Peer 1: 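After the structure tokens below, expect a handful of questions from me.
Note that the coordinates shown come from a computational prediction; the quantities given were computed from them, not determined experimentally.
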Amino acid sequence: MYFKSAVVFSLIASSFAIPTSASNRPTKRAVLSVQSYSQFQVSSGVGGNAFAEVQANFPVNENDMANIDPEDLAIIKAAGEVAKNAETEAGGFNEAIAAAGKNTAAGQALQVGKIKNKVLKLQLSVLALKADVAQGRTDRQAKLDEQITKLNKNIKLDEEAAGQASQSVNFQG
């Protein structure tokens, strides 16, 4: 009788020692998908809410960048490069503003859009650098701090343009 109870008890107790499913461990699951610039850009509409728009388009867990899915990180880096090019390359904001004229309504809307694009570009850079730092690349911390300063400056400029017309560019980059 004691033997039977001891066996049953030991079987029950040992079941608690069995490792639980992987759901208790951090998982790397991609949440982003590859999109064209026109799908993830935030420059259309009105100024004032660019940062929230970027966060909505790139909903990654900033509190766990050490465990970001490698596919998501690759998408963030690629999108950041495209956003950078949309500012400076042919067909981008600088060219469109020059063609429209800085002091025209169209030029001013493009300038607001350019600021929103800078928020996009800089936030994507910050996300990538946060992942680098969280994964042990502490040599990237100074660059992260620099990009956060630039991001905060452009968020403030965007907020100052709240409600103003904002125009994107048809960038194919």
Peer 1: Given side chains that start at C-beta, do those of Y37 and N85 come closer than 4.5 Å, heavy atoms only?
Peer 2: no
Peer 1: Check the surroundings of atom CD in E87: do more than 12 heavy atoms from other residues, nucleotides or ligands lie under 6.0 Å from it?
Peer 2: yes
Peer 1: Just verifying a value: how many Å separate S125 OG and K130 NZ, rounded to the nearest 0.5 Å?
Peer 2: 11.5 Å
Peer 1: Rounded to the nearest 0.5 Å, what separates atom CG in L144 from atom OG1 in T138?
Peer 2: 12.0 Å
Peer 1: Applying the 4.5 Å side-chain criterion to the ILVMFWY set and letting contacts propagate, would L129 and I68 be lumped into a single cluster?
Peer 2: yes
Peer 1: Enumerate donor-acceptor pairs with a distance under 3.5 Å from any side-chain N or O in residues 165-173 to protein atoms, sequence neighbours excluded.
Peer 2:
| residue | atom | partner | partner atom | Å |
| --- | --- | --- | --- | --- |
| S166 | OG | S43 | O | 2.4 |
| S166 | OG | G113 | N | 3.3 |
| S168 | OG | Q41 | OE1 | 3.2 |
| N170 | OD1 | Q172 | NE2 | 2.6 |

Peer 1: Any salt bridge linking E159 with K156? Criterion: basic side-chain nitrogen under 4.0 Å from a carboxylate oxygen.
Peer 2: no
Peer 1: Between E81 and K77 (salt bridge meaning N to carboxylate O under 4.0 Å), is one present in this structure?
Peer 2: no
Peer 1: Please check: side-chain N/O of D158 versus main-chain N/O of G47, any donor-acceptor pairing under 3.5 Å?
Peer 2: no
Peer 1: Shared ILVMFWY cluster between F93 and L157, side chains joined below 4.5 angstrom?
Peer 2: no
Peer 1: Does one hydrophobic cluster hold both I97 and I115, with members joined at side-chain heavy-atom distances below 4.5 Å?
Peer 2: no
Peer 1: Determine the minimum heavy-atom distance between L120 and V54, stating which atoms define it.
Peer 2: CA-CG2, 3.6 Å
Peer 1: Is a donor on one side and an acceptor on the other found under 3.5 Å between the side chain of E95 and the backbone of G91?
Peer 2: yes
Peer 1: For P59 and L32, which heavy atoms make the closest approach, and how far apart are they?
Peer 2: CD-CD2, 3.6 Å
Peer 1: Could you verify whether a donor N or O on one side chain and an acceptor N or O on the other, from N154 and K121, lie under 3.5 Å apart?
Peer 2: no
Peer 1: Transitively linked via ILVMFWY side-chain contacts under 4.5 Å: L124 with V119?
Peer 2: yes
Peer 1: Is a donor on one side and an acceptor on the other found under 3.5 Å between the side chain of K116 and the backbone of V46?
Peer 2: yes
Peer 1: Locate the shortest heavy-atom distance separating Q135 from A66; write the atom from each residue and the value.
Peer 2: NE2-O, 3.4 Å
Peer 1: Evaluate the side-chain contact (heavy atoms from CB on, under 4.5 Å) criterion for residues L151 and F51: first the C-alpha distance (whole Å), next the side-chain angles of each, then the deciding distance (0.1 Å), finally the verdict.
Peer 2: CA-CA 9 Å; L151 173 62; F51 186 69; 4.2 Å; yes
Peer 1: In a check of side-chain hydrogen bond (donor to acceptor under 3.5 Å, both in side chains) between Q123 and each of Q55, E62, E53, which one passes?
Peer 2: E62
Peer 1: If I take atom CG from residue L110 and atom CG from residue N94, how far apart are they, to the nearest 0.5 angstrom?
Peer 2: 10.5 Å
Peer 1: Output the distance between atom CZ (R137) and atom CG (D132), rounded to the nearest 0.5 Å.
Peer 2: 5.0 Å
Peer 1: What is the distance from atom NZ of K150 to atom CG of D145, rounded to the nearest 0.5 Å?
Peer 2: 12.5 Å
Peer 1: Under 3.5 Å, is there a donor on one side chain and an acceptor on the other for N61 and D64?
Peer 2: no
